[in-house]
There are 2 protein chains.
Amino acid sequence: MTSSARAPRGATSDYRAIAHELREAITAGRYQPGDKLPSERALAEQHGAARNTVREAIAALRREGLVSAEHGRGVFVRAKPRWMRFGRRRYSAAMRATNELGPFGAEAVAQGRRPHVDSRITRIEAPAEVAERLGIVPGTLVVQRENWYFADDEPLQIGITYATWSLVEGNPLADSADLGPEGIYGQFAALGHVITHVREEISARMPTREEAQRMTIPDGVPVIDLWHTGINADREPFEVTRFVMRADFAALDYDMPVED
Amino acid sequence: MTSSARAPRGATSDYRAIAHELREAITAGRYQPGDKLPSERALAEQHGAARNTVREAIAALRREGLVSAEHGRGVFVRAKPRWMRFGRRRYSAAMRATNELGPFGAEAVAQGRRPHVDSRITRIEAPAEVAERLGIVPGTLVVQRENWYFADDEPLQIGITYATWSLVEGNPLADSADLGPEGIYGQFAALGHVITHVREEISARMPTREEAQRMTIPDGVPVIDLWHTGINADREPFEVTRFVMRADFAALDYDMPVED
DNA sequence: TAGTGGTCTAGACCACATC
DNA sequence: ATGTGGTCTAGACCACTAC
């Protein structure tokens, strides 16, 4: 690599070559998930490069989500996580009746992880994005139920549910974390809103700085940003939930008829 | 910033402060989409920092997708793109009958962009991921129809469709880019497979290095990775398509009944 | 030719993890 | 105390764009 200052660059570069070598070693299995890479200083010496150049290579691998740096410990090969899959059936009555943990808990347990949900319930004025989907005027009072979903104490997903205050007032939906065995859709059903359709608007993006911090999202991992609207038998929306999920553990799996 | 070498770091750092200032200027509108930021050297002088430190700040903004660097020209504020939305109805008979452009073309035209599709049709042995979804043995001959979708000559999406060779042999599906006015599902219908259900498996991830190059994906933009399976009236899968879409322009929008 | 971003060097000190 | 990654400096040359 000492030739780099003289040789033409462009198609290639030292840091790319180093990244390529490490990437290949990882995909070939010479470094296993969880393994520690040599230190930046060691790699620099091995390649006859400056430490900054090695850092460029590692930065590239981090962007790709292949490795993860831990301050003071080292750079580690990321494990390929198993995915939790969420689908249409999570809203069905059958799911509600048979499953006390909810779809998140069920998925987590199936993967041998310990689920745990934190809730924070407040009353706010509906933001535009919520009002639009609920068909109400922005500023109308709504309940906001913010749920953080953890697996083994690692926050993997946030879901913030909104419904008009006038609908939920007096119901556990308005102030209680415990919604009983039939969960959120059981309570809405008791209020006369049986979920029959859902609308799911899905996009993906990089996490905001705040999301990355609060959810401890590793480098190079996008989030799935999902707006979910619950719709009743009269085709009226009665509930909106925004999910933000780490894309490296979550996937969506829908099967649906082409026509209604 | 000259104090940085002496002041404790941790909660903050020079490059973070510079990134913060630029980020705020962008979100406040002092830099508009398309505007050029000051050069790295100018920013370094303004902040009394080394150029590398400014580059760290810009790297952070690039990861967030806020700015885009162009070699030899400068660093520019990225425009917030409008999204194309793809939903369930793209598979409906009504859509097929009324729309010659297909869902991609329709969306592009609606946004005032010029659509264009490149196709490459080959015959291959089914990869495991395809075979699994089609319910066939890996290695079975399948047609592979690789479509590149462009808007204003910018590649935004790839869709690779697979179907068993024995099914499509002799049909335009086997070798022709032109599938007639009713498109791909019209041809499958003619072969006795009317699409009645779809399964859509959705995940998001950073693009591979190759995808980023071939699709010219800017920094900090993830892709939506979608496996679509077409299912006929007998509940048999007959077609699989893998879509890879730039997440900064594509979104998915499904509405569906909770029960069949 | 001038100005831009891209890459690289050879150091330095700080903050964190581990023993 | 040692080793790790995190941040920073003050330079240098290369590659690309625009004039």
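Heavy-atom basis, side chains included; hydrogens, waters and symmetry copies ignored. Just so we're on the same page: letters track the sequence lines, and every chain starts at 1.
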request  = Output all residues satisfying side chain to side chain contact (heavy atoms under 4.5 Å, CB included) with Asn52(B), sequence neighbours left out; order by chain, then residue number.
outcome  =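 Once residues adjacent in sequence are excluded, the partners of Asn52(B) under the side chain to side chain contact (heavy atoms under 4.5 Å, CB included) criterion are Asn52(A), Arg55(B).
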
message = Would you compute the distance between atom CG of Asp175(A) and atom OG1 of Thr122(A) and round it to the nearest 0.5 angstrom?
response = 12.0 Å

Starting at [atom1] of [X] and ending at [atom2] of [N], how long is that distance when rounded to a whole Å?
{"X": "Lys36(A)", "N": "dC16(C)", "atom1": "NZ", "atom2": "P", "result": "19 Å"}
{"X": "Asp14(B)", "N": "dC14(C)", "atom1": "CG", "atom2": "P", "result": "14 Å"}
{"X": "Arg51(A)", "N": "dG11(C)", "atom1": "CZ", "atom2": "C1'", "result": "11 Å"}
{"X": "Tyr15(B)", "N": "dG6(D)", "atom1": "OH", "atom2": "C1'", "result": "8 Å"}
{"X": "Phe76(A)", "N": "dC16(C)", "atom1": "CZ", "atom2": "C1'", "result": "13 Å"}
{"X": "His47(B)", "N": "dC8(D)", "atom1": "NE2", "atom2": "C1'", "result": "15 Å"}
{"X": "Ile18(A)", "N": "dC8(C)", "atom1": "CD1", "atom2": "C1'", "result": "10 Å"}

key: side-chain hydrogen bond (donor to acceptor under 3.5 Å, both in side chains) partner of Thr241(A), chosen from Asn147(A), Thr161(A), Thr229(A)   =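 Testing Thr241(A) for a side-chain hydrogen bond (donor to acceptor under 3.5 Å, both in side chains) against Asn147(A), Thr161(A), Thr229(A) leaves exactly one candidate, Thr161(A).
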
task = Check Arg16(B), His47(B), Gln46(B) against Glu21(B) for a side-chain hydrogen bond (donor to acceptor under 3.5 Å, both in side chains) and give me the one that passes.
result =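 Testing each of Arg16(B), His47(B), Gln46(B) against Glu21(B), the sole residue satisfying side-chain hydrogen bond (donor to acceptor under 3.5 Å, both in side chains) is His47(B).
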
query = For Arg120(B), which residues count as a side chain to side chain donor-acceptor pair (under 3.5 Å) partner, sequence neighbours excluded?
reply = Glu146(B)

ask   = Does Arg145(B) have any side chain to side chain donor-acceptor pair (under 3.5 Å) partners at least two apart in sequence or in another chain, and if so, which?
value =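 Counting only residues at least two positions away or on another chain, Arg145(B) forms no side chain to side chain donor-acceptor pair (under 3.5 Å).
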
ask   = Considering only heavy atoms, which members of residues 52-62 of chain A lie under 4.0 Å from some atom of DNA chain D?
value = Asn52(A), Arg55(A), Arg62(A)

message = Does anything in residues 39-46 of chain A come within less than 4.0 Å of DNA chain D? Heavy atoms only, and list the residues if so.
response = Ser39(A), Glu40(A), Arg41(A)

request  = Evaluate the ring planes of Phe104(B) and Phe86(B), with Trp represented by its six-membered ring, and classify them as parallel (under 30°), tilted (30 to 60°) or perpendicular (over 60°).
outcome  = parallel

Nearest heavy-atom pair of [X] and [Y]: which atoms, and what distance?
{"X": "Ala49(A)", "Y": "Ile18(A)", "answer": "CB-CD1, 4.4 Å"}
{"X": "Ile224(B)", "Y": "Ala204(A)", "answer": "CG1-CB, 4.0 Å"}
{"X": "Leu61(A)", "Y": "Ala19(A)", "answer": "CD2-O, 3.8 Å"}

Find every protein N or O atom lying less than 3.5 Å from an N or O atom of nucleotides 17-19 of chain D, and list the pairs.
{"from": "dA18(D)", "atom 1": "OP1", "to": "Arg73(B)", "atom 2": "NH1", "distance (Å)": "3.2"}

query = With a 4.0 Å cut-off, would you call Asp248(A) and Arg205(B) a salt bridge?
reply =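 Judged by the 4.0 Å cut-off on N to carboxylate O distance, Asp248(A) and Arg205(B) do not form a salt bridge.
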
